[in-house]
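Input: a single structure, listed below in structure tokens.
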Amino acid sequence: MTLDVRALTGSVREVCPAVVGVSIGDPDDRTTWRIDFVDGATQEERAVAAATLNAYDPHAPTAAMVDAERDRRLASFAFGGRRYDFDSDSQTNMAGAGTLALAAIISGKQPGDLRWADPDRDFGWIALDNTLVSMDAQTTMAFAQAAGHWKSSHIMIGRALKNATPIPADFANDAHWPAP
């Protein structure tokens, strides 16, 4: 469970600026939760702040949890029946290969030509199972486009889940995310 006390304090301050801070001892024991007020905070301010704190569900999904799930799902990428690393370096390399492939296609490289990037060796990409998968320029371009779509679809789904009020408890369910 991710407990963001800073965000909780901000939420309480939105309804009561007279709050110095919020403390959560044990998330499952509300008797350990405390609000510290500035001197002179009114009973009304204290009541509104307390109501906001009491409404807080420490087990409710957070945006950070959705981001972590999105990132977990983005660790690898499927294309052509194989899985590939999809870390930051891999994403950069895929985009670069797509750009090179586009230039090769524009310059006339034909489907099936595996030496489109280097006349001395076939172009290939290493899959997660450590096999070298040969790709012509057209396949490499499709590979890069599919990688971009894979990432953007996860970003947009994550954004939609974080925008939901409340974030669905089953946000990590496969039904919410693109199929691997």
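Given the structure is predicted, the values throughout are model-derived calculations rather than measurements. Along the sequence shown, residues are numbered consecutively beginning with 1.
- In this structure, His154 and Pro178 approach most closely via the heavy-atom pair CE1-CG, 3.6 Å.
- You'll find the side chain of Lys151 reaches within 4.5 Å of the side chain of Ile155, heavy atoms only.
- Under the 3.5 Å distance criterion, the side-chain polar atoms of Asp113 are left unmatched by any main-chain donor or acceptor of Lys109.
- Under the 3.5 Å distance criterion, the side-chain polar atoms of Arg83 are matched with a main-chain donor or acceptor of Ser76.
- Side-chain atoms of Asp136 and Thr139 include a donor-acceptor pair closer than 3.5 Å.
- A side-chain donor-acceptor contact under 3.5 Å links Asp87 to the backbone of Ser90.
- Tyr56 and Val22 end up in the same hydrophobic cluster when Ile, Leu, Val, Met, Phe, Trp and Tyr side chains are linked at under 4.5 Å.
- Interatomic distance, CZ of Phe79 versus NE2 of His149, reported as 13.0 Å (0.5 Å rounding).
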query = Given the rule in the side-chain contact (heavy atoms from CB on, under 4.5 Å) test, do Leu114 and Met135 qualify, once you have shown the distances and angles that lead to the verdict?
reply = CA-CA 6 Å; Leu114 298 176; Met135 295 183 189; 5.6 Å; no
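- Under a 3.5 Å cut-off, the side chain of Trp177 and the backbone N or O of Glu69 do not form any donor-acceptor pair.
- Contact check for Met94 versus Phe86: side-chain heavy atoms found under the 4.5 Å cut-off.
- Asp120 has no carboxylate O lying under 4.0 Å from a charged side-chain N of Arg115, or vice versa, which leaves the two without a salt bridge.
- Under the 4.5 Å side-chain criterion, counting only non-hydrogen atoms from C-beta, Ile126 is not in contact with Val133.
- Going from atom CG of Leu102 over to atom OG of Ser107 covers 9.5 Å, rounded to the nearest 0.5 Å.
- Nearest heavy-atom pair across Phe77 and Ala147 is CZ-N, 3.3 Å.
- Between Arg70 and Met65, the closest side-chain pair of non-hydrogen atoms is not below 4.5 Å.
- Note that the CD1 atom of Ile35 and the OG1 atom of Thr52 stand 7.5 Å from one another [nearest 0.5 Å].
- For the residue pair Glu45 and Gly40, the shortest heavy atom distance occurs at OE1-O, 4.4 Å.
- Between Arg73 and Trp150, the shortest heavy-atom contact is O-CZ2, 3.7 Å.
- When each of Asp122, Leu100, Ile105 is tested with Trp116 by the rule side-chain contact (heavy atoms from CB on, under 4.5 Å), just one qualifies, namely Leu100.
- Side-chain contact between Trp33 and Leu53: present, with at least one pair of heavy atoms (C-beta onward) separated by less than 4.5 Å.
- Taking hydrophobic clusters as Ile, Leu, Val, Met, Phe, Trp and Tyr residues chained together by side-chain heavy-atom distances below 4.5 Å, Leu74 does not share a cluster with Ile157.
- Taking the six-membered ring where tryptophan is involved, the planes of Phe123 and Trp125 are tilted, since the angle between them lies from 30° to 60°.
- Note on ring orientation: taking the six-membered ring where Trp is involved, the planes of Phe143 and Tyr84 are perpendicular (angle over 60°, cut-offs 30° and 60°).
- Of the N and O atoms on the side chains of Asp28 and His59, at least one donor lies less than 3.5 Å from an acceptor on the other residue.
- Heavy atoms only, all atoms of each residue included: Met141 and Ala101 are closest at N-CB, 3.8 Å.
- Contact of the Arg82 side chain with the Leu128 side chain is not registered, since no non-hydrogen atoms from C-beta on lie closer than 4.5 Å.
- With respect to the salt-bridge test (charged N to carboxylate O, under 4.0 angstrom), the residues Asp67 and Arg72 do not qualify.
- Between Val19 and Ala49, the shortest heavy-atom contact is CG2-CB, 4.1 Å.
- Side-chain atoms of Arg13 come within 3.5 Å of backbone N or O of Val20 as a donor-acceptor pair.
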